[in-house]
Amino acid sequence: MNVAVITDPNGTDPNGCAAGSQSYASNMFQSTFIFSQEHQMALLSGGEGTSDVRVAAIINALTVLQNNGTPTEIVSVASNYDGIRLMAVNPTQGIAVGGDFDVYVVTVDENDTINIQAASGGVASVPAGTRGGIIHLRNSEGNPKSGTADTVRLEAAIKMGTMIRDGYSATEIVTQIFGEVAEDSGENHGGGAINLISGITTGDMFTPEELNDTGYEMNEPYSKVSDSGWSVGYPEAENYEVSPIDGSELEIVYAYEALGNAITVSDDSPSVSTYGSDEKGISEATTSVVEYAVEKNGYDPVSIAQAINNAIDAGSIIGVEYVDASDINVKENSKAVGVYYTPTPNDKTSPSWDIPIDPSILDLLGNLQTVVGILLILLAVLRTTLMKNLFKNRR
């Protein structure tokens, strides 16, 4: 599935344009999205073509993008590559899909009249200045729900048009489409999504760790979260019924819901993105901490970092090192905060000790089983000696 939605063609609503991809197939690293901040353009890809052909098509499309091409011009290159599909979206320039596809194009005019048009192959688009969306959907080979794509594609298009007419934001519509398509068609592995106007994404929340592997199932439970903000990801979440911090009840958050939370900017709270850690509960826990910090001290990276480190000390956020203000990326105008984590080594739950010896050396000392391990330690010691001599000579 590729989906793109524009609910604010003027580009002013922070949640007015969103897009994303998911698939049953094991190649989500190729079919998620590429986002250009400079051009405010997202490029999604897919199709039946081989990996090398798809990469060639993407490179060609990015060349057109860098030359300020429109969505239609960008996706038109897909016709030169057998079996490849490209979709491009920009909040004010519209949406276009090109190449090998089966889509519904949805538009909603100023009188709130919904128009849904089927298209297959060539180029199809939602014009600039128009509220609308495009949904592509096919069943991947091996999908147990094969044969459902045609029906689900139409149902998703109808849902999309109705929600646009009724005033829902693009991020909320994309969230609901992800959930419905995942459940009804079986094309359910992330993938991920992006909020184009605010420039925030799900990052690697749902994409597979290994190339050509399947991502997280978007219609499955992703984490459990308490009212106080403590959260834990699955499968570890199965061990908890209440928060170990304050005993409060835990609510199940499904993956498609976590996707919506990640890309939606709230009127009264920031949108928070986390990077660098695959701990599945960390996004919700970090969001709660950042919201509190912003409410108390505003969009101050130093205060946000301090609040996160306090949460790490309290055990509300686990599996990551302490952060500095430089690890906090604040976009106050779009109410977005990005937090860049470094995972703790060897699956530790708390930050490593602040000691004058590199912790990796201690790890090696405990596991000397090969000549390579011994050589690594000798190299580390030699490097330390050389550095000391270098500084001594500079004095």
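- By the 4.0 Å N-to-carboxylate-O rule, Asp100 lies close enough to Arg138 to be salt-bridged with it.
- Asn90 and Thr92 form a side-chain donor-acceptor contact under 3.5 Å, judged by distance and modelled atom types alone.
- Between the side chains of Glu172 and Gln176, a donor-acceptor pair is found at a separation under 3.5 Å.
- If you check the side chains of Asp246 and Ser248, you find a donor sitting under 3.5 Å from an acceptor.
- For the residue pair Asn60 and Tyr81, a side-chain donor N or O sits within less than 3.5 Å of a side-chain acceptor on the partner.
- Within 6.0 Å of CG on Asp82 lie no more than 12 heavy atoms contributed by other residues, nucleotides or ligands.
- Under the 30°/60° scheme for interplanar angles, the aromatic rings of His189 and Tyr24 are found to be tilted.
- Side chains of Thr171 and Ser169: a donor-acceptor N/O pair is present below 3.5 angstrom, by distance only.
- At a cut-off of 3.5 Å, with distance as the only test, a side-chain donor of Glu284 or Ser223 sits close to an acceptor on the other residue.
- With a 6.0 Å radius and a threshold of 12 heavy atoms from other residues, nucleotides or ligands, Gln306 has its CD atom at or below the threshold.
- In this structure Tyr240 satisfies the side chain to side chain contact (heavy atoms under 4.5 Å, CB included) test together with Trp230, Val232, Glu236, Pro244, Leu250, sequence neighbours excluded.
- For an aromatic pair to be called close, the ring centres must be under 6.0 Å apart, and Tyr256 with Tyr222 fails this.
- Remark: the Thr63 side chain and the Asn67 side chain contain no N/O donor-acceptor pair separated by less than 3.5 Å.
- A 6.0 Å sphere centred on OH of Tyr292 holds no more than 12 heavy atoms belonging to other residues, nucleotides or ligands.
- A donor and an acceptor atom, one from each side chain of Ser120 and Asp102, are located under 3.5 Å apart.
- Val323 is connected to Val272 through a chain of hydrophobic side-chain contacts under 4.5 Å among Ile, Leu, Val, Met, Phe, Trp and Tyr, so both are in one cluster.
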List the atom pairs, with distances to 0.1 Å, where a side-chain N or O of residues 157-167 and a protein N or O form a donor-acceptor pair under 3.5 Å, not counting sequence neighbours.
| unit_1 | atom_1 | unit_2 | atom_2 | d |
| --- | --- | --- | --- | --- |
| Thr162 | OG1 | Ile158 | O | 2.9 |

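- The side chain to side chain donor-acceptor pair (under 3.5 Å) search around Ser303 returns Asp300, not counting sequence neighbours.
- For Glu187 and Asn143, the side-chain atoms include at least one donor-acceptor pair closer than 3.5 Å.
- Defined by atom type and a distance below 3.5 Å, a donor-acceptor pair is present between the side-chain atoms of Asn68 and His39.
- A 4.5 Å side-chain heavy-atom check between Glu249 and Val242 finds at least one atom pair inside the cut-off.
- Annotation: Gln117, atom CD; neighbour count of heavy atoms from other residues, nucleotides and ligands within 6.0 Å does not exceed 12.
- Under the 4.5 Å side-chain heavy-atom criterion for grouping Ile, Leu, Val, Met, Phe, Trp and Tyr, Val123 is connected to Leu86 within one hydrophobic cluster.
- For CD of Glu251, the number of neighbouring non-hydrogen atoms (other residues, nucleotides, ligands) closer than 6.0 Å is 12 at most.
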